[in-house]
Protein chains: 2
Amino acid sequence: MRQGVAETRESVQDDPRWARSRAAILKAAATLLRQEGPSAVTHQRLAKQAGVARATVYRHWPRTEALLLQVMAAEGFPFFQHPTIPIRAWLHTRLRELADDLAQPAVQATTLTLMHGALWDRDIAAQRDQLVGVLTERVAAALDVAHDAGEMPQPPDPADAVAALVGPLLYRTALQAGAVSDTLIETLVEQVMTGRAASVPLDRALQQRSVQPSAP
Amino acid sequence: MRQGVAETRESVQDDPRWARSRAAILKAAATLLRQEGPSAVTHQRLAKQAGVARATVYRHWPRTEALLLQVMAAEGFPFFQHPTIPIRAWLHTRLRELADDLAQPAVQATTLTLMHGALWDRDIAAQRDQLVGVLTERVAAALDVAHDAGEMPQPPDPADAVAALVGPLLYRTALQAGAVSDTLIETLVEQVMTGRAASVPLDRALQQRSVQPSAP
DNA sequence: CAAACTATGAGACATTTTGTCTCAGTGTTG
DNA sequence: CAACACTGAGACAAAATGTCTCATAGTTTG
């Protein structure tokens with residue numbers, strides 16, 4: 001970028017004009033994604049929405065895919081951190097936070113665009129894998145705490161536990177288009193914490209993990 | 001359609017040429033969706049892929065959105081039919097079928113496009129609601145059978161049960177990008193059938209059901 | 001403060017894509 | 001065989017896309 005001249009100061013861009021444009025475009029991208037979906041995130045629409053010139057959008061993000069990825073990555077993931085005992089109560093609170101977050105249209109837009117786009121875009125798939133990895137690690141840590149505290153008989157497979165806890169929230173939010181009740185959360189926590197059913201000796205759950213996108 | 005002349009024979013189109021073109025375009029749409037995603041499903045790409053003229057694609061589907069919806073609706077939903085006792089075993093087999101289906105790239109493409117597109121397209125949202133409705137009804141029927149057979153202490157809320165059963169499969173398939181193990185299925189079935197945790201007297205689960213798309 | 005930078009806005013420009021239309025050719029039906 | 005209807009090929013205007021130039025103005029440096 002930057003007027004064709006090679007970068008002078010590393011890759012850090014501290015020019016306030018550049019930062020302003022970047023912020024405006026990012027905000028515009030988030031708005032367009034939320035209101036009309038990824039297909040509305042074009043350089044032309046972005047320029048109009050952000051109040052900048054079309055060329056400026058091209059200078060910042062030659063490819064809109066990278067911009068969309070930036071929007072999805074910007075969210076961060078402040079959930080399931082710092083487990084405390086009893087884990088049941090902690091889990092309930094965290095799942096409630098996540099459910100409230102997933103109730104927001106903007107979050108639904110980024111989450112589903114991430115899941116959807118990962119099927120065909122290698123970079124989006126990497127972003128998705130990273131998010132899933134973080135989430136699994138945090139829940140695994142919490143389950144360890146619970147087991148150490150004697151709150152669980154046998155620690156389940158972390159990946160399975162995350163699927164059993166978060167999967168229903170996703171289903172309720174994205175497919176049933178409804179609110180997550182505290183009753184549902186309570187049921188899920190109790191089910192997972194009780195550690196019902198078979199343990200996982202040779203679990204083939206993640207055997208084909210992290211598949212690459214593109215045509216099969 | 002049809003050369004500008006008003007429709008002569010209702011809306012049924014039995015001309016073999018028309019049927020051939022339609023089938024070729026539908027097949028092309030499914031292929032493009034699976035391999036490159038919804039953004040690749042344009043009239044131009046469809047024409048090339050289907051081996052028909054561009055004008056023909058416009059004649060059949062002036063809007064590609066309707067075509068995509070057709071592709072997603074064409075799948076049907078042959079799952080969770082005809083419950084038999086014991087429901088545990090029946091549920092296990094049905095969930096295995098669904099998981100195997102969800103493992104296919106083509107099914108992932110249509111399913112996630114349905115969830116994703118429903119956020120901004122009213123028609124897609126309707127299609128999604130219909131799918132969810134059918135699924136919930138079938139599982140509810142199965143749970144009734146289980147309860148009548150004394151297999152379950154207290155019948156859970158059907159919507160919650162579906163979320164608890166199918167949600168994890170979706171999470172494993174679409175986010176963790178992994179295979180669904182029989183162990184996971186067994187765990188899920190056991191958790192739901194045991195009817196652990198609070199019953200659902202005044203469940204607010206689906207209070208904001210079937211929200212309309214478009215900008216918030 | 002003044003000069004050297006550097007991102008921006010506005011627009012030109014060629015190219016591609018999109019949507020609509022016409023018309024001759026041909027498969028289909030009666 | 002004759003009337004009908006869909007298709008393919010292409011023309012066409014409009015819109016979108018990607019790249020470029022240059023004057024202007026905001027920013028940093030001396």
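Just the heavy atoms: all of them, side chains too, but no hydrogens, waters or symmetry mates, feed the values below. Remember, it's a predicted structure, so these values are computed and weren't measured experimentally. Reminder, nothing fancy here: chain letters follow the sequence lines and each chain counts from 1.
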Please report, rounded to the nearest Å, how far the [atom2] atom of [N] is from the [atom1] atom of [X].
X     : N      : atom1 : atom2 : answer
B:D14 : C:dG30 : CG    : P     : 8 Å
A:I25 : C:dA7  : CD1   : P     : 13 Å
A:L46 : C:dG9  : CG    : P     : 13 Å
B:D15 : C:dG30 : CG    : P     : 10 Å
B:W61 : D:dC6  : CH2   : P     : 14 Å

Kindly say whether [Y] contributes a backbone atom to a donor-acceptor pair with the side chain of [X] at under 3.5 angstrom?
X      : Y      : result
A:T111 : A:Q108 : no
B:W120 : A:P38  : no
B:R45  : B:S39  : no
B:Q127 : B:L69  : no

Is there a donor and acceptor pair closer than 3.5 Å between the side chain of B:R54 and the base of D:dA9?
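Looking at the base of D:dA9, it does not pair with any donor or acceptor on the side chain of B:R54 (distance under 3.5 Å).
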Under the 3.5 Å rule, do the base of D:dG8 and the side chain of B:R59 count as making a donor-acceptor pair?
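Yes, a donor-acceptor pair under 3.5 Å.
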Would you indicate what A:R20 reaches in the nucleic acid, counting non-hydrogen atoms under 4.0 angstrom: base, sugar-phosphate, or nothing?
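Since only primed, P, OP1 and OP2 atoms lie under 4.0 Å of A:R20, the category is sugar-phosphate.
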Regarding A:R63, tell me which of base, sugar-phosphate or nothing describes its non-hydrogen contacts under 4.0 Å with the strands shown.
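Since no nucleic acid heavy atom lies under 4.0 Å of A:R63, the category is nothing.
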Nucleic acid contacts of residues 38-45 of chain A, taken as heavy-atom distances under 4.0 Å to DNA chain D:
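Within residues 38-45 of chain A, the residues near DNA chain D are A:T42, A:H43, A:Q44.
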Taking the six-membered ring for Trp, are [X] and [Y] parallel (under 30°), tilted (30 to 60°) or perpendicular (over 60°)?
X     : Y     : result
A:H43 : A:Y58 : parallel
A:F77 : A:F79 : perpendicular
B:H60 : B:W18 : parallel

If you fit an axis to the five pairs at each end of the helix from C:dC1-D:dG30 to C:dG30-D:dC1, how big is the angle between those two axes, to 10 degrees?
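End-to-end axis angle for the helix from C:dC1-D:dG30 to C:dG30-D:dC1: 30°, rounded to 10°.
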Please evaluate residues A:R88 and A:E190 with respect to the criterion side-chain contact (heavy atoms from CB on, under 4.5 Å), reporting the C-alpha separation (whole Å), side-chain torsions for both, the decisive distance (0.1 Å), and the verdict.
CA-CA 7 Å; A:R88 275 175 168 78; A:E190 202 57 37; 3.2 Å; yes
B:A55 side-chain proximity, nearest of C:dT28, C:dC21, D:dC20:
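Of C:dT28, C:dC21, D:dC20, C:dC21 is nearest to the side chain of B:A55.
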Hey, what do you get for CH2 (B:W90) to CD1 (B:I85), rounding to the nearest 0.5 Å?
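The CH2 atom of B:W90 sits 12.5 Å away from the CD1 atom of B:I85.
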A:A53 or B:R17, whichever maps to the more 5' nucleotide of DNA chain C:
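First, find each residue's nearest nucleotide; the 5'-ward one identifies A:A53.
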Quick check on C:dA7: is either OP1 or OP2 less than 4.0 Å from any side-chain nitrogen or oxygen of A:H60?
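For C:dA7, neither OP1 nor OP2 has a side-chain N or O of A:H60 closer than 4.0 Å.
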